[in-house]
Amino acid sequence: MNSSAPAPAKASDFIRDIINEDLQAERHQKVITRFPPEPNGFLHIGHAKSICLNFGLAYEYREKLPESGSRCHLRFDDTDPVKEDTLFEDGIQEDVRWLGFEWDGLYHASDYFEKMYEYAEYLIGAGKAYVCSLSDAETKEYRGTVTTAGKNSPYRERTVEESLDLFRRMRAGEFKDGEHVLRAKIDMANANMKMRDPMLYRIRHTAHHMTGDKWCIYPMYDYAHPISDAIEGITHSICTLEFENNRELYDWVIDNLIDYAKFPSRPHQYEFARLNLNYTVMSKRRLLELVEGKHVSGWDDPRLPTIAGMRRRGYTPESIRAFCASVGVAKANSTVDMAQLEFCIRDDLNQKAPRVLAVLKPIKIVIENYPDDKVEELEASYWPHDVPKEGTRLVPFSKEIYIEQDDFMLEPPKDYFRLAPGKEVRLRYAYCITCKEVIQDAQGNVQEVRCTYDPETLGANPVGRKVKGTIHWVSARHAQDAEVRLYDRLLSLEAPPAGKDSEFLNAINPEALQTLTGCKLERSLAEAKPGERFQFERQGYFVADVKDSKPGMPVFNRIVTLKDSWARSQKK
RNA sequence: UGGGGUGUCGCCAAGUGGUAAGGCGCCUGGUUCUGGUCCAGGUAUUCCGAGGUUCGAAUCCUUGCACCCCAGCCA
């Protein structure tokens, strides 16, 4: 794990409890975990939870027991060559590192194919596995249902010699895909469907991104995973809830191989609830559909909960780690509120993002009593009083400025303390101005607002009256034009419709992306570096887009809005 | 109707027989040249329901109920 690794959370959860007991009982002297993604897609925030857990555990116990050799492996679970690709491996590694973790060893399940094959022959020899030649459909029929027992395959009592011969010929490529499979001989009537003579190997005449054409038979997850764990000396194999039924098989594989294989550890599997977030989609299938159906711009579309998307959106790794720590690790299925995630990024950026002035939807203000050609360079702090950082820049002030459309109202409610006819507001870091006249077009749209300023109010409160509101502004003459992309929640529904089809596409929030052009940024933002984050005062946190922002032609993404108690109260 | 799991505040989540942590959200008030931040206070007489054991139960027992997972040659 690298230096940017998370401060160890004080976290305690059922997994840490189990580990502590194991250590205390001296069942283990160290903790070895692994993060085992299948390289067939991009990582998302749900994976981040698993990453933080597995890598976090190794980090914590290395702190606690420095000599223990506790570690976390990155292992690609590459047992299905038809879906997997090196491209995904690269993306996954980038994401894990970006999150702040470094693996203690990079492995592939395919590293162990030869061993797995050897063990399979052993199992056959021990009468614990056999080659089955039932068709796909027959296999399904023989398996039974959740409420009725399955029945034995007619090939179940094949002799060891025959199975061994067939299995070797499977490897040799003598059969077509689907002609034979290797199965564990367990119990076709077992109440746990996973134990009804599960498949161990299938034939796939497909090149593998790591092993090339070396194999045409590939192990199944339930066989490959426990073996990979055991070979690597994993002590605690952590996965999600849907694998609870597989644990019995996991144990079967290890128990039946451990004496023969002399594994360095007897790993145990523990399951925790995967992360769900409202207002978005997390399943691989739906993410893939959004990307392939061009409903989003790619895996790194800022609307997506993918790590790549969140990175481009402007999320920090620290905020994602803090989020993962905040949701905890437990066994109850749950859906975390997006507000929790938003809190984490605001909380992080509040300390890190310099404040800056930017008008997104401009409306022009002319200050009548301000000299035509005068320009004042006003000093503005990058940080609010509560952030202990130093730094200022000069912002130019002149007769014509832009303010936000939302900061002016023709007929304001009583508790609106921004600009309105006859009302006075403070311009941030500058003067107080009073609205004198509103120029509208034929349709009644406000074209321009004419104000006067009070020269006595620079750095001083007006005398004899109090001005409650402060609004942001940008000098028209000095403004940097920019494109700003306003991002919001992917879905307009808390949860996508449950259907197996593409129904969830109808739930896409049409305002999840709103592209604004002609935005007016303060001059200092012209040279913003791609990836640089700012708070646009009173509006939210923004990042210069890594792909599209160019010096002189900035493009900003909104990471998250600021909390807005005014807007909230207005909604009621 | 089989098996494996889970049910504590709107959302997460501690708690493992001694009288309901914490975070998010929400509400109040204060501070404030960001209606941000920060600060102070409030927000479950109750732990899926019903019985029972006990001086005492979210925690033990009994019995219901709800939800999730398992019938890919995916992981």
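Source: prediction; values computed, not measured. Numbered from 1 within each chain, the chains take letters A, B, ... in sequence-line order.
Remark: Trp383(A) pairs with no residue by the ring-ring contact (aromatic ring centres under 6.0 Å, His included) rule, at least two apart or across chains. Taking Glu232(A) as the reference, His73(A), Arg75(A), Tyr112(A) meet the side-chain hydrogen bond (donor to acceptor under 3.5 Å, both in side chains) condition, with sequence neighbours excluded. Looking at residues two or more places apart in sequence or on another chain, you find a ring-ring contact (aromatic ring centres under 6.0 Å, His included) between Phe536(A) and Phe542(A), Phe556(A). For Glu89(A), the side-chain hydrogen bond (donor to acceptor under 3.5 Å, both in side chains) criterion is met by His108(A), His209(A), not counting sequence neighbours. The ring-ring contact (aromatic ring centres under 6.0 Å, His included) search around Tyr279(A) returns none, not counting sequence neighbours. The salt bridge (Lys or Arg N to Asp or Glu O under 4.0 Å) test applied to Arg247(A) returns Glu271(A), not counting sequence neighbours. With sequence neighbours excluded, the residues that form a side-chain hydrogen bond (donor to acceptor under 3.5 Å, both in side chains) with Glu376(A) are Tyr370(A), Tyr431(A). For Asp78(A), there are no salt bridge (Lys or Arg N to Asp or Glu O under 4.0 Å) partners two or more places apart in sequence or in a different chain.
Between Asn246(A) and Tyr431(A), the one whose closest nucleotide on RNA chain B sits nearer the 5' end is Tyr431(A).
The aromatic rings of Trp566(A) and Phe417(A) lie tilted to each other, with the angle between the two planes from 30° to 60°. Between Tyr453(A) and Phe397(A), the two ring planes are tilted [angle within 30° to 60°].
Base-pair partner of U53(B): not found among the strands shown (Watson-Crick or G-U wobble, both distances under 3.5 Å). For A75(B), there is no paired nucleotide, since no Watson-Crick or G-U wobble pair has both relevant distances below 3.5 Å. A21(B) makes up no base pair with any nucleotide shown, lacking Watson-Crick or G-U wobble contacts both under 3.5 Å. Summarising the base pairing, A58(B) is matched to no nucleotide, lacking a Watson-Crick or G-U wobble pair whose two defining distances lie under 3.5 Å. In a base pair of the Watson-Crick type (N1 to N3 plus N6-O4 or O6-N4) or a G-U wobble (N1-O2 and O6-N3), with each distance short of 3.5 Å, C38(B) is matched with G30(B).
Within residues 130-138 of chain A, the residues approached by RNA chain B to less than 4.0 Å at the level of any non-hydrogen atom are Leu134(A), Ser135(A), Asp136(A), in residue-number order.
Taking atom C1' in both C61(B) and C68(B), one finds a spacing of 26 Å when rounded to whole Å. Comparing U8(B) with A44(B), their C1' atoms are spaced 8 Å from each other, to the whole Å. Between U62(B) and G4(B), the two P atoms lie 16 Å apart (nearest whole Å). Separating the C1' atom of A75(B) from that of G36(B) is a span of 44 Å, rounded to the nearest Å.
Sorted by first then second residue, the salt bridge (charged side-chain N to carboxylate O under 4.0 Å, His left out) pairs that include residues 178-196 of chain A, not counting sequence neighbours, are Glu157(A)-Lys185(A).
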Do any N or O atoms of the protein come closer than 3.5 Å to N or O atoms of nucleotides 67-71 of chain B, and which pairs are they?
residue: C68(B); atom: O2'; partner: Asn333(A); partner atom: ND2; Å: 3.2
residue: C69(B); atom: O2; partner: Asn245(A); partner atom: ND2; Å: 3.3
residue: C70(B); atom: O4'; partner: Asn245(A); partner atom: ND2; Å: 3.1
residue: A71(B); atom: O2'; partner: Arg143(A); partner atom: NE; Å: 3.3

In B/S/- notation, 5' to 3', how is nucleotides 35-42 of chain B contacted by protein heavy atoms closer than 4.0 Å?
-> BBB-----
